[in-house]
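The next block holds one structure in the form of structure tokens; read it before the comments.
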Amino acid sequence: MTAAAELPLIGAAALRAKAAARVLRTLPTDTKDAALTAMAEALVERTDEILAANAADVEAAAAAGTPGSVLDRLRLDPARIVGVADALRQLVALPDPVGDVVRGSRLPNGLELTQVRVPLGVVGIVYEARPNVTVDAAGLCLKSGNAALLRGSASAFGTNTALIAVLTEAGEKAGLPAGFVELLPADRASVGELLNARGLVDVVIPRGGASLIQRVVRESRVPVIETGEGNCHVYVDASADPAIAEAVVLNSKTHRVSVCNSAETLLVHRDVPFLPQLLAALSGAGVTLHGDDPARSAHDDVVPATDEDWATEYLSMDMAVRVVDDLPQALEHIARWSTGHTEAIVADSAAAIAEFTAGVDAAAVLVNASTRFTDGGEFGFGAEIGISTQKLHARGPLGLPELTSTTYVVTGRGHTR
């Protein structure tokens, strides 16, 4: 176990969180829900204070040459604050996972065996310039009985400090223990300490770009739940309805380009007759298309694509386009370049849909629907920490049940072995 003294930047916060976690794991649902409601109300009431801090962060980030997609993630406005407050209220309406019985049985020897959901303990979350994650993470950890150690980006530190001040004050007034959520310093060294806080921190969840995730996975001595990049594909089959294909592809690409479930590559069967119209619709919406030779032949505005385009999570109004000979070739392309986040098919053929859903290895597979639906809120889970692209301990949206572990409770009547 790492001693707090070995962690000069985060040790005190980690000790507070560990003490808080012991209280949180036994709190009744009513207390947690009342705190979530109070926190949501406080966010709205103190909107001006939060927006002032956020405006300073956005101004500094813009002056530093931060890309527009990152500024969009960083920026808050009154509507977005209402949105993050509503996410906390949605958690109130969701079942508390703590204490849920996953399974139970009576053994032949008479012992009663019950597997019960319990909190993970102290959850460390490392994330980049999206301050809404600060609120989502605090709320999810609270509802699932966990203490949260949050390490946001330097670019959002002022905003995150204001948010945590609001959440902490409201939560403690509602009966939560001090340390239920802690904001860590926004420097590289604090991440290193968090990743080495084995014994004080139970799990670390990275949420951000590839370099951040790779660093956490590579360096952490604490167990990691990995969220991943979203190099997402939409495959348009020869059987696809033209109107549905256009609606799904446009929404997948253009609805919000800076998020991980935005589509980055369009794969189109060579027998699709409406490819020129589909590419024209994308180009007309402001998308820069990077395509192979057949795609370039279908529309004049398509620029040449390279392997770098197939591998890129653009997070911008760019999209790679490839014309494939058949569905197996589409699956082969996805297997090579996908990050395992979300893959979508547009098709009327039941056989094509069955082959695609069985053949794709991803956290979510969408059929005749936009990739933008891969989201905890859209799935009905409420707020989420992120989308896990790994296969252990959870996969897909990381909602409340995914922030728990289990304990086996074995009850006997003087049983001995």
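What you are looking at is a predicted structure, and each value in this text was computed from that prediction instead of being measured. Numbers here are sequence positions counted from 1.
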Is there a side-chain contact between [X] and [Y] (heavy atoms, below 4.5 Å)?
| X | Y | value |
| --- | --- | --- |
| Leu194 | Val126 | yes |
| Leu200 | Val122 | no |
| Thr406 | Val118 | no |
| Leu266 | Leu279 | yes |
| Asp326 | His269 | yes |
| His333 | Trp310 | yes |
| Val166 | Met39 | no |
| Val217 | Gln214 | no |

Any ion pair linking [Y] and [X] (charged N to carboxylate O, less than 4.0 Å)?
| X | Y | value |
| --- | --- | --- |
| Glu182 | Arg16 | yes |
| Lys253 | Glu264 | yes |
| Arg395 | Asp361 | yes |
| Asp136 | Arg130 | no |
| Glu169 | Lys173 | yes |

Within the side chain of [X], is there an N or O that forms a donor-acceptor pair under 3.5 Å with the backbone of [Y]?
| X | Y | value |
| --- | --- | --- |
| Glu378 | Phe373 | no |
| Asn196 | Arg221 | no |
| Thr306 | Glu308 | yes |
| Thr47 | Val44 | yes |
| Lys18 | Gly199 | yes |
| Arg25 | Gly121 | no |
| Thr254 | Leu250 | yes |
| Arg372 | Val259 | no |
| Glu402 | Gly399 | yes |
| Asn132 | Arg80 | no |

Would you say that more than 12 heavy atoms from the other residues, nucleotides or ligands in this model lie under 6.0 Å from the [atom1] of [X], or not?
| X | atom1 | value |
| --- | --- | --- |
| Phe274 | CZ | yes |
| Glu332 | CD | no |
| Arg22 | CZ | no |

Which atoms form the tightest heavy-atom contact between [X] and [Y], and what is the distance?
| X | Y | result |
| --- | --- | --- |
| Ile125 | Ala137 | CD1-CB, 3.5 Å |
| Asp237 | Ala347 | CB-CB, 3.6 Å |
| Thr374 | Ala364 | OG1-CB, 3.6 Å |
| Phe356 | Leu331 | CD1-CD2, 3.8 Å |
| Leu149 | Ala13 | CD2-O, 3.8 Å |
| Gly139 | Leu36 | CA-CD2, 3.8 Å |

With side-chain hydrogen bond (donor to acceptor under 3.5 Å, both in side chains) as the test, would you mind laying out the steps for Asn160 and Thr134 before giving the verdict? CA-CA 7 Å; Asn160 288 337; Thr134 302; 2.6 Å; yes
Please name the residue in the list Arg117, Lys32, Lys143 that meets the salt bridge (Lys or Arg N to Asp or Glu O under 4.0 Å) test with Asp96.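 Among Arg117, Lys32, Lys143, the one that satisfies the salt bridge (Lys or Arg N to Asp or Glu O under 4.0 Å) with Asp96 is Lys32.
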Stepwise, does the side chain to side chain contact (heavy atoms under 4.5 Å, CB included) test hold for Arg89 with Thr37? CA-CA 6 Å; Arg89 295 188 180 98; Thr37 300; 5.6 Å; no
List the steps, then state whether side chain to side chain contact (heavy atoms under 4.5 Å, CB included) holds for Gln329 with Arg322. CA-CA 11 Å; Gln329 190 174 54; Arg322 181 184 178 189; 3.4 Å; yes
Side chains of [X] and [Y]: donor-acceptor distance under 3.5 Å anywhere?
| X | Y | value |
| --- | --- | --- |
| Tyr408 | Arg103 | yes |
| Thr159 | Asp57 | yes |
| Thr404 | Ser144 | no |
| Asn231 | Thr339 | no |
| Ser239 | Ser349 | no |
| Thr371 | Asn261 | no |

Before you tell me yes or no, could you show the steps for Ile81 and Leu51 under side chain to side chain contact (heavy atoms under 4.5 Å, CB included), namely the whole-Å CA-CA distance, both residues' side-chain angles and the distance that decides it to 0.1 Å? CA-CA 9 Å; Ile81 291 179; Leu51 290 182; 3.6 Å; yes
To the nearest 0.5 Å, what is the distance between [atom1] ([X]) and [atom2] ([Y])?
| X | Y | atom1 | atom2 | answer |
| --- | --- | --- | --- | --- |
| Ile385 | Ile205 | CD1 | CD1 | 5.5 Å |
| Thr265 | Glu313 | OG1 | CD | 10.5 Å |
| Phe180 | Glu172 | CZ | CD | 6.5 Å |

Before giving the answer on side chain to side chain contact (heavy atoms under 4.5 Å, CB included), spell out for Ser262 and His255 the whole-Å C-alpha distance, their side-chain angles and the decisive distance to 0.1 Å. CA-CA 8 Å; Ser262 172; His255 182 254; over 6 Å; no
Taking the six-membered ring where the residue is Trp, are the ring centres of Tyr314 and His290 under 6.0 Å apart?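 Centroid separation for Tyr314 and His290: below 6.0 Å.
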Using the ring of each side chain (for Trp, its six-membered ring), is Phe381 parallel, tilted or perpendicular to Phe379, with breaks at 30° and 60°?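 Because their plane-to-plane angle is over 60°, the rings of Phe381 and Phe379 count as perpendicular.
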